Each structure stands twice: as structure tokens, then as C-alpha cells.
Amino acid sequence: MTPSEEAGTAARCPSCQSQVAAGERFCEGCGADLGLPPAADPPPVAAASSAAAAPAAPEVAARPSACRECGGEVADDGYCTQCGTRAPLPRNHFSEQPAPWVAAVCDRGVRHHSNEDAVAVAAGPASDGHAVLVVCDGVSSSTDSDVASLAAARAARDVLTSAGPLGAGTVATKVAAGAKALVLAVDAANEAVIAHTTAGPGNPASCTFVAAVVDLPELVVGWVGDSRAYWLPDAGSPRLLTTDDSFAAEQIAHGVPRATAETGPHAHAITRWLGVDAPDHTPRTASLELDGPGWVLVCSDGLWNYCSEATDLAALVVDTGRATGTEPLALAGALVDWANARGGQDNITVALARVSPDQLHTTAPPD
């Protein structure tokens with residue numbers, strides 16, 4: 001979501017006043033030499049300070065060893081030995097791929113100084129047809145939202161993974177089981193945000209939440225805020241499965257055209273969120289029985305800002321897949337790159353699950 005003002009106490013570039021991370025030698029905003037001695041990178045995320053001991057901050061993968069720009073080796077100081085490009089901090093760009101058919105990429109974007117988005121995914125073999133995709137978008141004007149959003153996403157994923165498949169029974173009973181698991185997952189995510197909230201005055205940590213539980217052929221989603229879940233079938237009508245908790249969504253409900261509402265001055269003012277000051281964190285849920293192959297796509301507004309309508313997003317996925325192939329990790333990364341090329345005004349997260357005809361045949365209930 002679009003922040004009103006970046007929070008925090010990071011150092012600033014003496015030339016352009018952009019925030020700079022500890023140990024950086026050059027400003028990423030204007031390129032000025034900061035005159036700072038090289039220093040080890042800080043932990044990917046910092047635990048919130050409070051009167052009581054705070055939980056350890058969740059970690060992300062190590063800094064990449066290969067440069068994303070030229071493929072050269074990244075030195076210990078974080079810069080490519082070939083082209084000099086600074087490798088992104090681990091928290092600012094990371095990916096997950098628990099199974100070949102499920103993957104996610106989370107990126108800082110172009111304009112933000114840090115990445116408040118977070119993602120956590122889990123999946124079994126494709127033959128099981130079971131996966132969990134969680135995206136949380138931290139409110140940039142709140143303190144430690146990068147820490148809180150990552151903790152929230154992983155707490156929710158763990159709850160949903162522990163719950164396992166939706167079980168046997170009718171479609172209605174499976175959907176009810178999924179909705180119940182999502183309520184418990186949001187409770188855990190909300191507790192994680194609160195646990196990583198800094199004590200004292202200021203804006204407490206907060207984030208959005210969206211999760212998709214895939215238990216083929218069933219798909220159950222739950223959300224709080226304006227992160228989204230889509231179903232993009234290979235044939236048939238694409239669907240936006242969530243309805244934003246936002247001022248823009250309220251305008252749309254009252255007849256304002258979507259394009260107008262989503263580009264207005266308060267388009268990303270959310271009406272529900274997770275955090276200690278949340279008025280109500282009970283997720284809304286929706287479900288769909290999948291009857292053909294396609295993509296489950298879960299994302300933050302860093303992607304849908306540029307491609308909101310389900311039909312447009314489906315076309316983008318098809319076009320991007322023609323260029324990159326349909327391997328989920330490569331496709332998710334290409335969609336992130338596409339959003340960055342459009343301006344990267346916000347953090348960007350894309351999580352994908354590829355539903356194949358073989359999966360639907362394997363998991364279909366007997367007649």
C-alpha cells in the first residue's frame with residue numbers, strides 16, 4: 001500500500017536525504033559516495049524492542065552469490081566484482097519454492113527504501129494437490145512493519161500447513177474446514193504482528209493479509225486488507241476472489257468506476273488490517289471448485305496496482321509465460337520484473353500455484 005511517510009531512524013544521504021542502510025558506500029537514490037567504511041550487513045530484519053523480551057526476528061535467505069545484473073560474483077562487501085552493482089539485501093528480494101508447482105518472489109520495488117511485503121508458501125508433491133500461499137503487506141508508515149509482516153506470513157503458513165488437507169466429505173464441509181483454518185491462521189498472524197510491535201508512542205506495526213489454501217479441486221481464500229487472490233484458468237473467465245478492505249473498494253461498491261477509484265488520492269487507504277490497533281481482524285473468506293487447469297495467483301498491491309482487472313492480469317500471465325516459460329518461480333520473478341519496469345512504486349509480491357489437468361484428474365473424487 002502507498003505509505004504516507006516512511007518511518008524509522010535509518011541514516012540519510014547528505015546529498016539527496018534518501019534513507020541508506022548501514023554499511024552502504026553509495027546512495028541508491030543519487031549515487032553519491034557516502035564516505036562510510038564497509039560494514040557487515042545488519043540482520044535481514046531486526047527484532048522489535050519492548051519492555052519484555054521480543055521474539056527473534058524471522059530470517060530470510062543469505063545474500064545471493066551471483067549478481068542479478070551480469071551474473072558476476074558478489075563480494076563480501078555486497079558489490080559485484082564485475083559490474084559494481086550492489087546486490088539486494090536478503091530482506092529486500094527473496095523467493096521461495098517448496099515444490100516445482102508452487103513458488104513466490106518478494107521484492108522491494110524501485111521507489112521504496114525497504115521491503116515491507118512478505119510471503120510464505122508451502123506445498124507437497126503435485127500429486128497431492130495441496131498448497132498454502134500467504135502474502136502480507138506491511139504498512140510502510142508503521143514501525144517495524146517489515147519484521148511484523150514476515151513474522152505474520154510465516155505464522156499463518158505454519159498454522160495452515162499444520163491443519164493439513166481439508167479432508168473428506170462434501171464440498172461444503174471442506175470449505176468450512178478451510179474457512180476455520182484461515183480464521184486460526186489470521187489469529188496467529190495477528191499475534192505475530194503484536195509480538196513484533198515496538199512499545200511506546202508512534203505507529204504500531206501493521207499489515208494486510210491474504211492466503212490461499214489449495215486442496216484440489218477446492219480453493220479457499222481468506223483476507224484482511226487489500227492484498228489479493230485471483231484464479232486465472234487456462235480457459236474460461238478469470239476471477240478476482242477477494243474484495244479489498246479499502247476506501248477504493250467502498251467507492252466501487254457505490255458505483256465509482258474501478259479505474260477511477262483505484263487511482264484516486266485515497267485509493268490505498270485500507271479499512272481493515274492486522275496489528276495491535278486493528279478494529280477487527282476476522283478474515284473474510286471465499287471458495288471456488290476448480291474444474292480446469294490454470295494459475296492461483298496471490299499478490300500484494302505492488303503488482304495489481306498496474307494490472308487490477310482479472311482479465312487483464314490473466315492476459316499478462318499468458319504473455320509473460322510465452323517469454324519466460326511457465327515454470328512458477330521464473331514466471332513469478334518475471335511478473336515482479338514487469339511491475340518494476342512499470343515504475344515499481346510499491347513493494348511487489350507474487351505467489352503462484354500451477355494447477356495442471358493431471359492434478360485435477362488425480363485428486364478428483366470418485367463417482
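Bear in mind that the values here come from a model prediction, so they are computed numbers and not experimental data.
The salt bridge (Lys or Arg N to Asp or Glu O under 4.0 Å) analysis of residues 165-194, with sequence neighbours excluded, yields no pairs. Pairs of residues two or more places apart, or lying in two chains, that qualify as side chain to side chain donor-acceptor pair (under 3.5 Å) and include a residue from residues 157-170 are T170-T173. Residue pairs satisfying the side chain to side chain donor-acceptor pair (under 3.5 Å) criterion with at least one member in residues 97-106, sequence neighbours excluded, are listed as follows: Q97-E327.
With sequence neighbours excluded, the residues that form a salt bridge (Lys or Arg N to Asp or Glu O under 4.0 Å) with D245 are R272, R284. Partners of E250 by salt bridge (Lys or Arg N to Asp or Glu O under 4.0 Å), not counting sequence neighbours: none found. Taking D291 as the reference, nothing meets the side chain to side chain donor-acceptor pair (under 3.5 Å) condition, with sequence neighbours excluded. In this view, R239 satisfies the salt bridge (Lys or Arg N to Asp or Glu O under 4.0 Å) rule with no residue, not counting sequence neighbours. Every side chain to side chain contact (heavy atoms under 4.5 Å, CB included) that A205 has, sequence neighbours left out, goes to A148, V193, T197. Partners of E218 according to the salt bridge (Lys or Arg N to Asp or Glu O under 4.0 Å) rule, which considers only residues two or more places apart in sequence or in another chain, do not exist here.
From H112, atom NE2 reaches atom OG of S140 across 4.5 Å, with rounding to the nearest 0.5 Å.
A salt bridge is absent between D346 and R111; no separation between the charged side-chain nitrogens and carboxylate oxygens falls under 4.0 Å.
Residue V159 shares its hydrophobic cluster (ILVMFWY side chains chained together at separations under 4.5 Å) with L184. L313 belongs to a hydrophobic cluster with V105, Y230, L232, L240, W295, L297, L303, W304, Y306, L316, V317, L329, L331, L335, V336, W338, I348, V350, L352, counting contacts under 4.5 Å between side-chain heavy atoms of Ile, Leu, Val, Met, Phe, Trp and Tyr, direct or through other members. Listed by chain and number, the hydrophobic cluster partners of F247 come to none, as no ILVMFWY side chain reaches under 4.5 Å of it.
Across all their heavy atoms, I252 and A261 have their closest contact at CG1-CB, 3.6 Å.
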